[in-house]
Amino acid sequence: MEEFKVERYMELLETGKKYAELMNKYQCAIMEVETKLKVLNAEFSLQYDRNPFESIKSRLKSPASIIKKMQRKGQLTDEASFARSIEENLYDVAGIRVICAFQEDIYRLAELLVQQDDIRLIRTKDYIRNPKENGYRSLHLILEVPVFLKSGKTPVKVEVQFRTIAMDFWASVDHRLRYKKDVKNEDEIVEKLRVCATTIAALDDEMQQIRTMIEKD
């Protein structure tokens, strides 16, 4: 029965009009936040002759990932209210990753973003000042932004992750290694990754100090 339910929800997410409209809302929310970030980037470039971020990456959570997370939350229940349940229970369907050169720019950019009066900050998770046990570092914000459709204004949640280039490199390598099967010496690899994360954090601090010294001259 559960297997049938999963297959049915997968079909809905992949082919249902209601879910296509839902994903369109999330895609529009991504565009709204990306535009705001690009405006801030342009302003920084004009005023300070530098850019606060190097790149922006975005994605919509895949149907398989949505169903897996909803299943874990015990929300694969009522088909009629499934779309609403996704909006209420998942905060990371729409995701944006902002890659900065310097840690200082992460906090400045995040501060300027959440100060905008049409953005509501729902939650902050600071894994830079409080890294995960495995060494993962990033600043996560859950934001609610207005999306303007022909039916009117609707609030949509977006997760924005801020990382330095070094943090993003570490996270990308860690992600690839974690999904490999039958890895030998797993405990040793986990420890090495943790040490690498500490080294990368120290490198970020050094680079920040160097920039501060240059800007003081």
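Predicted model, so just to flag it, every value in this text is computed and none were measured. Excluded from the calculations below are hydrogen atoms, water molecules and symmetry mates; all remaining heavy atoms, backbone and side chain alike, are included. Position 1 is the first residue of the sequence, and the numbers go up from there.
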- Query: Does Lys132 count as lying over the ring of Tyr127, i.e. NZ or CZ under 6.0 Å from the six-ring centre, within 45 degrees of the axis?
  - Reply: yes
- Tell me, do Asn134 and Leu193 make a side-chain contact under 4.5 Å, heavy atoms counted? no
- Task: Using a strict cut-off of less than 4.0 Å between a Lys/Arg side-chain nitrogen and an Asp/Glu carboxylate oxygen, indicate whether Arg8 and Glu79 qualify as a salt bridge.
- Result: yes
- Query: Does a salt bridge link Lys25 with Glu21, judged by any charged N lying under 4.0 Å from a carboxylate O?
  - Reply: no
- Item | Heavy-atom pair with the smallest gap, counting every atom of Tyr26 and Val156 | CD2-CG1, 3.4 Å
- Under a 4.5 Å cut-off applied to non-hydrogen side-chain atoms, are Ile128 and Thr164 in contact? no
- Query: Which atoms form the tightest heavy-atom contact between Pro52 and Cys100, and what is the distance?
  - Reply: O-SG, 3.3 Å
- Item | Cation-pi geometry met for Arg163 and Tyr136 (6.0 Å, 45°) | no
- Salt bridge check: are Glu88 and Arg84 linked by an N-O gap of less than 4.0 Å? yes
- Ionic contact status for Lys57 with Asp168, cut-off 4.0 Å: yes
- Query: Checking Thr199 side chain against Val195 main chain: does a donor-acceptor pair fall under 3.5 Å?
  - Reply: yes
- Message: Test of understanding: clusters of I, L, V, M, F, W, Y form through side-chain heavy atoms closer than 4.5 Å, transitively. Do Val39 and Phe44 belong to the same one?
- Response: no
- Item | Where Met167 and Ile200 come nearest, the two heavy atoms and their spacing | N-CG2, 4.1 Å
- Message: Can a donor-acceptor pair be found, under 3.5 Å and without considering hydrogens, that links the side chain of Gln208 to the backbone of Glu104?
- Response: yes
- Item | Beyond-backbone contact of Val147 with Lys153, side-chain heavy atoms, under 4.5 angstrom | no
- Treat each ILVMFWY residue as a node, draw an edge where side-chain heavy atoms are under 4.5 Å apart, and state whether Leu12 and Ile67 are in one component. yes
- Would you sort out whether Glu215 and Arg50 count as a salt bridge (charged side-chain N to carboxylate O under 4.0 Å, His left out), showing the intermediate values? CA-CA 11 Å; Glu215 290 181 345; Arg50 65 179 174 85; 3.6 Å; yes
- Item | Heavy-atom pair of closest approach, residues Arg59 and Ile30 | O-CD1, 3.6 Å
- Message: Less than 4.0 angstrom from a charged side-chain N to a carboxylate O is my criterion; do Asp118 and Lys36 meet it?
- Response: yes
- Find out whether Gln161 and Leu139 are in side-chain contact, i.e. whether some heavy atom of one side chain is under 4.5 Å from a heavy atom of the other. no
- Find the distance between CZ (Arg108) and CG (Leu40) and round it off to the nearest 0.5 Å. 9.0 Å
- Message: Using every non-hydrogen atom in the two residues, find where Met207 and Phe102 come nearest and quote the distance to one decimal.
- Response: O-CE2, 3.4 Å
- Item | Side chains of Arg194 and Lys192 in contact at under 4.5 Å (non-hydrogen atoms) | no
- Item | Cluster overlap Leu121 with Phe162, hydrophobic side-chain contacts below 4.5 Å | yes
- Is there a side-chain contact between Phe82 and Lys18, using heavy atoms and a 4.5 Å cut-off? no
- Item | Distance, nearest 0.5 Å, that separates OG of Ser85 from NZ of Lys73 | 9.5 Å
- Message: Between the side chains of Arg129 and Asp126, is the shortest nitrogen-to-carboxylate-oxygen separation below 4.0 Å, so that they form an ion pair?
- Response: yes
- Query: If you take all heavy atoms of Ile66 and Met23, which pair is closest and at what distance?
  - Reply: CD1-CE, 4.0 Å
- Task: For the pair Arg137 (side chain) and Gly135 (backbone), establish whether a donor and an acceptor sit closer than 3.5 Å, ignoring hydrogens and angles.
- Result: yes
